[in-house]
J.: 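Let me give you the structure first, and then I'll get to my questions.
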Amino acid sequence: MIQHPDGTRTPVIDASVHIFSASTPDIRKFLREPFKSRGFPDYEMDWYGAPGGEYARDTHGPDRSYPGSNPDFVGNHLFNERGVDVAVLHPMGRGIMPDRHLGSALCAAHNEMMVARWLENAEFGERFRGTIRLNPDDIAGALRELAKYKDHPRVVQIGVPLQSRELYGKPQFWPLWEAAADANLPVAVHIETGEGIGYPPTPSGHTQTYEQYVSFMALNYLYHLMNMIAEGVFERFPTLKFVWADGAADFVTPFIWRMDTFGRPHLEQTPWAPRIPSDYLPGHVYFIAGGLDGPPRDAEFADQWFGFTGKEDMVMFGSSYPHWQCWDASQLPSALTAEQREKVCWRNAAGLYGIDIPAQLAAQ
């Protein structure tokens, strides 16, 4: 529960908490041979360093352990100090590996670490929800990993990297999307922290600075979404839900307006997707709002902005803890209506992930 500047109080579901292993040797504890002895990237992308450091102050755990690696420390920070009621965890992986088997092994190691240390944590496990990392370069391996965890009561979605080497509407991914829909698990698409062999952040190559990287990397969701709509993915899998977990909801309105303009007279070229593109957004497309997204806190038009293209039903609060840009729900624009604020703070996430918020909290 958090108090907003106008005195109102709402529950908070933090839909984007980034978790890590304590170190590279630590994640090796969850790997089996031959992968345990293999080389793979660290979490850091040193050539794109955030100004002032990658992580927020006071997020290192006991003994200066890696931020986001100690569930007791993070749970206390989120639930006792930041007013969060439920936290959705996103394990941070190492990017796309040249060897798809190594990539799947790393996903499995992060999943095992998350379930054992976080979802089954004695003190905070009931308030954590998990994202299972899957390797889109290894569909067979991803399906096996999904089958392993899909019935876990605290697993609420699957996670794939934004830096895919192919657009996610293409048919080779359909078996994975079908399995996710059958398991009633949304698909969260998040920037991987480890670079791996992912493509550059822009279609024209690598940017010069971190500021350019962080501004434009998230926009890669537009290419995925455009392709998914054109390929008829949401028509084929009507219960499939995608969460664009690195924000950039501020681009969906001009993007979908433009796609409608050009798509409407060319629907005969995509008979498998017979509706105009914007019709495929409601109930299928969600965004996690970061501290850098959308109108500023004092913008008088923020309520109108959230109303465009139905964003108020798509956007969920996510702190991006422990990264440097982490924020809390009290910093949402003050012009939001009470209903919009409730949707962003918890209602949209509760509905998507099936999270129960006690009635006494919701009523406040």
J.: Please find the pair of heavy atoms, one from Val243 and one from Pro186, that lie closest to each other, and give the distance.
T.: CG2-CB, 4.2 Å
J.: Does Val156 offer a backbone N or O that forms a donor-acceptor pair with the side chain of Arg129 under 3.5 Å?
T.: no
J.: Linking I/L/V/M/F/W/Y whenever their side-chain heavy atoms sit closer than 4.5 Å, directly or via other members, would Val285 and Phe308 fall into one cluster?
T.: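 No, because Val285 and Phe308 fall into different hydrophobic clusters, even though each may have its own neighbours under 4.5 Å.
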J.: Same cluster or not: are Met226 and Phe287 linked, directly or through other Ile, Leu, Val, Met, Phe, Trp or Tyr residues, by side-chain heavy atoms under 4.5 angstrom apart?
T.: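 They do share one cluster, since a chain of ILVMFWY contacts under 4.5 Å joins Met226 to Phe287.
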J.: For Gln212, I'd like to know if atom CD has over 12 heavy atoms of other residues, nucleotides or ligands within 6.0 Å.
T.: yes
J.: What verdict does the side-chain contact (heavy atoms from CB on, under 4.5 Å) test give for Met316 and Ile13, after you've listed the backbone C-alpha separation in whole Å, the side-chain angles of each residue and the deciding distance to 0.1 Å?
T.: CA-CA 8 Å; Met316 304 178 289; Ile13 296 175; over 6 Å; no
J.: Using a 3.5 Å distance criterion without hydrogens, assess whether the side chain of Ser37 forms a donor-acceptor pair with backbone atoms of Pro34.
T.: no
J.: For the residue pair Lys29 and Asp26, establish whether any side-chain heavy-atom pair is separated by less than 4.5 Å.
T.: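 Result yes, sub-4.5 Å side-chain heavy-atom pair found.
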J.: Could you tell me whether Lys311 and Asp293 make a salt bridge, using a distance below 4.0 angstrom between a side-chain N and a carboxylate O?
T.: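 Between Asp293 and Lys311 there is no salt bridge, as every charged N stays at least 4.0 Å from the carboxylate O atoms.
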J.: Flag yes if more than 12 heavy atoms outside Asp182 fall under 6.0 Å of its CG atom; otherwise flag no.
T.: yes
J.: Nearest 0.5 angstrom please: Lys241 NZ to Phe234 CZ, how far?
T.: 10.5 Å
J.: In this structure, are over 12 heavy atoms from other groups packed under 6.0 Å from Phe216 atom CZ?
T.: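 Counting neighbours around CZ of Phe216, 12 or fewer heavy atoms of other residues, nucleotides or ligands fall under 6.0 Å, so no.
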J.: Does some side-chain heavy atom of Val187 sit less than 4.5 Å from a side-chain heavy atom of Tyr168?
T.: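 The answer is no, as the side chains (C-beta and beyond) never meet within the 4.5 Å cut-off.
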J.: Just verifying a value: how many Å separate Thr309 OG1 and Ile256 CD1, rounded to the nearest 0.5 Å?
T.: 8.0 Å
J.: Once you round to the nearest 0.5 Å, how far does CG of Asn70 lie from CD1 of Ile19?
T.: 11.5 Å
J.: Quick check: do Leu106 and Leu31 have side-chain heavy atoms less than 4.5 Å from each other?
T.: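 With C-beta onward as the side chain, the pair touches.
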J.: Hey, can you tell me if Phe242 and Trp244 have their rings parallel, tilted or perpendicular (30° and 60° cut-offs)?
T.: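 Tilted, since the angle between the ring planes falls between 30° and 60°.
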J.: Parallel, tilted or perpendicular: which fits the ring planes of Tyr55 and His323, with parallel below 30° and perpendicular above 60°?
T.: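 Rings of Tyr55 and His323: tilted, 30 to 60°.
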J.: Decide yes or no for Thr131 and Pro91: does some side-chain heavy atom of the first lie under 4.5 Å from some side-chain heavy atom of the second?
T.: yes
J.: Lys150 vs Val155, test: side-chain contact (heavy atoms from CB on, under 4.5 Å). Steps then yes/no.
T.: CA-CA 7 Å; Lys150 66 182 179 67; Val155 168; over 6 Å; no
J.: Without swapping roles, check the side chain of Tyr66 against the backbone of Phe20 for a donor-acceptor pair under 3.5 Å.
T.: no
J.: Hey, is the main chain of Ser23 close enough, under 3.5 Å, to the side chain of Ser21 for a donor-acceptor pair?
T.: yes
J.: Under a 4.5 Å cut-off applied to non-hydrogen side-chain atoms, are Trp346 and Asp85 in contact?
T.: no
J.: Determine whether the side chains of Asp138 and Ser104 contain a donor N or O and an acceptor N or O closer than 3.5 Å.
T.: yes
J.: If you round to the nearest 0.5 Å, how far is OG of Ser16 from CD1 of Ile288?
T.: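 Answer for the CD1-OG pair, Ile288 versus Ser16, is 4.5 Å.
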J.: As a quick check of understanding, evaluate side-chain contact (heavy atoms from CB on, under 4.5 Å) for His110 and Arg94, giving each step before the final call.
T.: CA-CA 10 Å; His110 283 84; Arg94 307 302 179 98; 4.0 Å; yes
J.: Checking the side chain of Glu342 only, and the main-chain atoms of Glu339 only, is there a donor and an acceptor separated by less than 3.5 Å?
T.: no
J.: Do NZ/NE/NH1/NH2 and the carboxylate oxygens of Arg82 and Asp14 come within less than 4.0 Å?
T.: no
J.: Decide yes or no for Leu119 and Tyr149: does some side-chain heavy atom of the first lie under 4.5 Å from some side-chain heavy atom of the second?
T.: no
J.: Do you know which of Tyr321, Phe124, Phe73 makes ring-ring contact (aromatic ring centres under 6.0 Å, His included) with Phe79?
T.: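 Of the listed residues Tyr321, Phe124, Phe73, the ring-ring contact (aromatic ring centres under 6.0 Å, His included) partner of Phe79 is Phe124.
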J.: Less than 4.5 Å apart, any side-chain heavy atom of Pro333 and any of Trp305?
T.: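 No. Closest side-chain heavy atoms not under 4.5 Å.
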J.: Take atom CD in Glu81; do more than 12 heavy atoms of anything else shown fall under 6.0 Å from it?
T.: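 Count over threshold, so yes.
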J.: Spell out, as yes or no, whether a donor-acceptor pair under 3.5 Å connects the side chain of Asn121 to the backbone of Glu123.
T.: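 Yes; judged by distance alone, with no hydrogens or angles, the pair exists.
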J.: Using a cut-off of 6.0 Å, state whether more than 12 heavy atoms not belonging to Asn80 lie near its atom CG.
T.: yes
J.: Can you label the angle between the His90 ring and the His190 ring as parallel, tilted or perpendicular, going by 30° and 60°?
T.: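 Plane angle between 30° and 60°, so tilted.
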J.: Within the side chain of Trp272, is there an N or O that forms a donor-acceptor pair under 3.5 Å with the backbone of Ala230?
T.: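 Yes: the side chain of Trp272 pairs with the backbone of Ala230.
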J.: Which heavy-atom pair separates Gly68 from Pro322 by the least distance, and what is that distance?
T.: N-CG, 3.9 Å
J.: Just by modelled atom types, is the His224 backbone N or O under 3.5 Å from a matching donor or acceptor in the Asn227 side chain?
T.: no
J.: Heavy atoms only: give me the nearest Leu78-Ala87 pair and the separation to one decimal.
T.: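 Closest approach of Leu78 to Ala87, heavy atoms only: CD1-CB, 3.9 Å.
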J.: If we ignore hydrogens and angles and just use 3.5 Å, is the side chain of Asn111 paired with the main-chain N or O of Cys107 as donor and acceptor?
T.: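 A pair under 3.5 Å: yes.
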J.: Once you round to the nearest 0.5 Å, how far does CG of Leu134 lie from CD1 of Ile139?
T.: 9.0 Å
J.: Determine, stepwise, if the pair Trp177 / Phe237 fulfils ring-ring contact (aromatic ring centres under 6.0 Å, His included).
T.: CA-CA 8 Å; Trp177 309 152; Phe237 308 117; 8.6 Å; no
J.: In this structure, are over 12 heavy atoms from other groups packed under 6.0 Å from Glu33 atom CD?
T.: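 Correct, the count exceeds 12.
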J.: Nearest 0.5 Å please: distance from the CD atom of Gln340 over to the CD atom of Gln304.
T.: 9.5 Å
J.: More than 12 non-hydrogen atoms from neighbouring residues, nucleotides or ligands closer than 6.0 Å to CZ on Arg100, yes or no?
T.: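 Counting other residues, nucleotides and ligands, CZ of Arg100 stays at 12 neighbours or fewer.
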J.: Would you say that Ser319 contacts Val17 through its side chain, given a criterion of any heavy-atom pair below 4.5 Å between the two side chains?
T.: yes
J.: Might you point out which heavy atoms bring His152 and Glu120 nearest each other, and give the distance in Å?
T.: NE2-OE2, 4.0 Å
J.: May I have the step-by-step check of side-chain contact (heavy atoms from CB on, under 4.5 Å) for Phe35 and Phe40, ending in yes or no?
T.: CA-CA 9 Å; Phe35 307 108; Phe40 48 83; over 6 Å; no
J.: Inspect the contact between Glu235 and Arg275 and indicate whether a charged nitrogen and a carboxylate oxygen are less than 4.0 angstrom apart.
T.: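 Yes.
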J.: Could you tell me whether the side chain of Ser320 and the main chain of Cys326 form a donor-acceptor pair under 3.5 Å?
T.: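 Such a contact is absent between Ser320 side chain and Cys326 backbone.
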J.: Indicate yes or no: does Arg133 engage Glu192 in a salt bridge with an N to O separation below 4.0 Å.
T.: yes
